[in-house]
Student: 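Let me begin by handing over the structure; questions about it come next.
By convention in this document, chain letters (A, B, ...) are assigned in the order of the sequence lines, proteins followed by strands, and residues within each chain are numbered from 1.
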2 protein chains.
Amino acid sequence: MTFSEENYLKTIYHLTNLLDSEISTNAIAERMETKASSVTDMLKKLSEKDLVHYKKYQGVSLTDKGMHSAKMIVRKHRLWEVFLVDKLDFPWDEVHDIAEQLEHIKSEKLINKLDEYLNFPTEDPHGDPIPNANGQIVTIEKQLLSELTENQTGICVGVKDTSSEFLKYLDKQGIALGSKIEILSKESFDLSLKIKVETKDFTISNKIAANLFVKKSK
Amino acid sequence: MTFSEENYLKTIYHLTNLLDSEISTNAIAERMETKASSVTDMLKKLSEKDLVHYKKYQGVSLTDKGMHSAKMIVRKHRLWEVFLVDKLDFPWDEVHDIAEQLEHIKSEKLINKLDEYLNFPTEDPHGDPIPNANGQIVTIEKQLLSELTENQTGICVGVKDTSSEFLKYLDKQGIALGSKIEILSKESFDLSLKIKVETKDFTISNKIAANLFVKKSK
DNA sequence: TATATTTTTTAGTTTTGTCTAAAATTTAAA
DNA sequence: TTTAAATTTTAGACAAAACTAAAAAATATA
């Protein structure tokens, strides 16, 4: 499989999780910052290789084979991210781009040995689940911080937005995976939250809260 | 720089070390298992980018810029090999092909962090030197085992042939980097050697001895 | 339901890196 | 030193993956 084919598969996989329905040509084009015509060309190619179900004008979905391939790419991406953060000490906002390259390295043995070396992690540095060697994914129960109500407490288990900008903001505020976040009050006008992280109190906007995954606790 | 450009640079670099003279189109084509016409095309391209000195029919050599780029690729290749063997526990005969892929990952920060993580190694698992971040190479004094005479002793510090076949043969005989090898006798007819490795005595052909680098000792 | 708008596909180019076949140049041999 | 052989380059073609512009199909609107 070429890099390009792998990138398409991965995109279709992510869109499937996001929208769970048939994926449109335009949705793929937009996410990959390419043209719809390029997407059509590739879909034909992937369809011929039996990686996607594709019917003209009807959108695409992954075949079992395509789904498995996509999961293996995601697995590689996320395991490399863990390596970069845990072993090489990269900040969590810098690993995505490097992992985008590393995910295309071809060697099943390599990725399984890496998995073992990292102690079979189940989540990447942003809290996203890592498919195991068979493609199985253990999803942990989580919800957006914005869904909690006053006086509820959650443990930060993931981020929805993984942009460097957002992650650096979290660093600045001292919010990391594992942080205990208590909702002190909620402003009904703009849905901003007064929260307590460890010992520090401060206010965050709804936009921030809607991009933080927590596991309800206490 | 594209993968292909990087592979050409690397090949020219290796041929330069091997032949130290102007490198011919055919020599490159042969080593890369491609056609001379393809090589010519690429040489023009590399020349335009100021990575090689190239004059029609006169062969090529690396410019300073090309030499530096080539060394950085070799650096990446060899550091990844160390990672695979030291950290992921790969056998030394399996790392080359994976490193051929990993050497193209683009991130200076990544490779420098990897270097640090591995404790700034100076040789790869086959005893080849690893250029540092500035491209400097510390070459250790070494000679072929076949150049030693009766009763001399050497420490194995590298292999000339890095084929899986040869490396597995060495594994089987218990010869590894660091092994102490004593020449008990040399057969003048075929230049085969009776040697002692650790406690074991056995005979090796001249071909084997001519592919083992040692550092004279005792 | 007819028409307008949006989405998707097709057709035809472009770029990168390869190839074959033929021409040009260099090197070796007679 | 002329000819033969080997090497290298040029010219033209091809596949992959992208693009633009135009046509076709689906969807939304009046």
Side-chain angles (χ1 to χ4, degrees), chain A residues 1-13 15-16 18-62 66 69-70 73 100-101 103-106, chain B residues 1-13 15-16 18-62 66 69-70 73 100-101 103-106:
Chain A
M1 221 177 332
T2 66
F3 280 27
S4 192
E5 287 171 354
E6 291 191 340
N7 285 333
Y8 274 94
L9 278 189
K10 193 182 50 162
T11 300
I12 297 168
Y13 173 81
L15 288 172
T16 301
L18 225 62
L19 312 169
D20 63 29
S21 66
E22 215 73 347
I23 307 304
S24 76
T25 302
N26 255 6
I28 297 168
E30 202 169 301
R31 204 173 206 273
M32 297 187 73
E33 296 184 303
T34 183
K35 302 291 159 171
S37 54
S38 307
V39 176
T40 301
D41 287 346
M42 183 55 88
L43 293 182
K44 284 184 195 158
K45 199 174 153 196
L46 294 175
S47 175
E48 248 160 50
K49 292 193 174 189
D50 209 20
L51 293 162
V52 299
H53 297 295
Y54 171 61
K55 266 202 195 143
K56 274 192 197 182
Y57 296 103
Q58 312 287 221
V60 273
S61 58
L62 294 168
S69 300
I73 300 162
E100 286 281 301
Q101 298 181 62
E103 74 190 2
H104 299 295
I105 302 293
K106 275 146 197 80
Chain B
M1 220 177 334
T2 65
F3 280 28
S4 192
E5 287 171 354
E6 292 191 341
N7 285 334
Y8 274 94
L9 278 189
K10 194 182 50 163
T11 300
I12 297 169
Y13 173 81
L15 287 172
T16 301
L18 226 61
L19 312 170
D20 63 29
S21 66
E22 215 73 348
I23 307 304
S24 76
T25 303
N26 254 8
I28 297 168
E30 201 169 302
R31 206 174 205 271
M32 297 187 73
E33 297 184 304
T34 184
K35 302 292 157 166
S37 55
S38 307
V39 175
T40 300
D41 287 346
M42 183 54 88
L43 293 183
K44 284 185 196 157
K45 198 174 155 198
L46 293 175
S47 175
E48 248 160 51
K49 292 193 173 188
D50 209 21
L51 293 162
V52 299
H53 296 295
Y54 170 61
K55 266 202 195 144
K56 274 195 199 182
Y57 296 103
Q58 315 287 219
V60 273
S61 57
L62 295 169
S69 300
I73 300 162
E100 287 281 301
Q101 300 180 61
E103 74 190 1
H104 299 295
I105 301 295
K106 274 146 197 81

Student: OP1 or OP2 of C:dT16 sitting under 4.0 Å from any side-chain N/O of B:Tyr8?
Tutor: no
Student: Closer than 4.0 Å, any side-chain N/O of A:Lys44 to the OP1 or OP2 of C:dT9?
Tutor: no
Student: Over how many whole Å does the gap from B:Leu43 atom CG to D:dT8 atom P extend?
Tutor: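 Value for this atom pair: 10 Å.
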Student: Over how many whole Å does the gap from B:Lys55 atom NZ to C:dA24 atom P extend?
Tutor: 22 Å
Student: Just the rounded figure in Å: distance from P of D:dA18 to CD of A:Glu5.
Tutor: 10 Å
Student: Confirm from the modelled atom types if B:Ser37 and C:dT18 form a donor-acceptor pair under 3.5 Å, side chain to base only.
Tutor: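 Answer no: no donor N or O sits under 3.5 Å from an acceptor.
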Student: For a quick test of reading the model: is some side-chain N or O of A:Thr25 closer than 4.0 Å to OP1 or OP2 of C:dT9?
Tutor: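 Answer is yes, contact under 4.0 Å.
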Student: How close or far is atom P of D:dT27 from atom CD of A:Glu22, stated in whole angstroms?
Tutor: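 After rounding, the gap between these two atoms is 12 Å.
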Student: Check every atom of C:dT10, C:dT18, D:dC19 against the side chain of A:Thr34 and return the nucleotide holding the closest atom.
Tutor: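 Selected nucleotide (nearest to the side chain): D:dC19.
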Student: For A:Gln58 and A:Glu22: C-alpha separation, side-chain torsions, deciding distance, then whether side-chain contact (heavy atoms from CB on, under 4.5 Å) applies.
Tutor: CA-CA 8 Å; A:Gln58 312 287 221; A:Glu22 215 73 347; 5.7 Å; no
Student: Check this one for me: any side-chain N or O of B:Lys35 less than 4.0 Å away from OP1 or OP2 of D:dT9?
Tutor: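 Looking at the OP1 and OP2 atoms of D:dT9, neither is under 4.0 Å from any side-chain N or O of B:Lys35.
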Student: In terms of side-chain heavy atoms of B:Asp41, which of C:dT16, D:dA18, C:dC19 is nearest?
Tutor: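 Looking only at heavy atoms from C-beta outward on B:Asp41, the closest nucleotide is C:dC19.
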Student: B:Asn7 CG to C:dT18 C1': how many Å, rounded?
Tutor: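 About 14 Å, once rounded to whole Å.
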Student: Rounded to the nearest Å, what distance is computed from the CG atom of residue A:Leu46 to the P atom of nucleotide D:dA16?
Tutor: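 In whole Å, D:dA16 P lies 13 Å from A:Leu46 CG.
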Student: Quick check: closest heavy atoms across B:Ser69 and B:Leu51, and the distance to 0.1 Å?
Tutor: OG-CD2, 3.9 Å
Student: Pick the nucleotide of DNA chain D nearest each of B:Ser24 and A:Phe3; which residue has the one closer to the 5' end?
Tutor: B:Ser24
Student: Send over the distance from B:Gln58 CD to C:dT27 C1', rounded to a whole Å.
Tutor: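 Rounding to the nearest Å, CD of B:Gln58 and C1' of C:dT27 are 12 Å apart.
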Student: Among C:dT7, D:dT8, D:dT10, which nucleotide has an atom closest to any side-chain atom of A:Asn26?
Tutor: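 Closest nucleotide to the A:Asn26 side chain: C:dT7.
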Student: For B:Met32 and C:dC19, what is the distance between atoms CE and C1' respectively, to the nearest whole Å?
Tutor: 15 Å
Student: With the side chain of B:Thr40 defined as its heavy atoms from C-beta on, choose the nearest nucleotide among C:dT18, C:dT10, D:dT9.
Tutor: D:dT9
Student: Give the minimum heavy-atom separation between B:Ala36 and B:Ala29, together with the two atoms involved.
Tutor: N-CB, 3.8 Å
Student: Salt bridge check, A:Glu100 against A:Lys10: does any charged N sit closer than 4.0 Å to a carboxylate O?
Tutor: yes
Student: Out of C:dT26, D:dA25, D:dC19, which nucleotide sits closest to the side chain of B:Tyr57?
Tutor: C:dT26
Student: Could you tell me which non-hydrogen atom of A:Thr16 sits nearest to which non-hydrogen atom of A:Ile23, and how far apart they are?
Tutor: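 The pair with the smallest heavy-atom distance is N-CD1, 3.8 Å.
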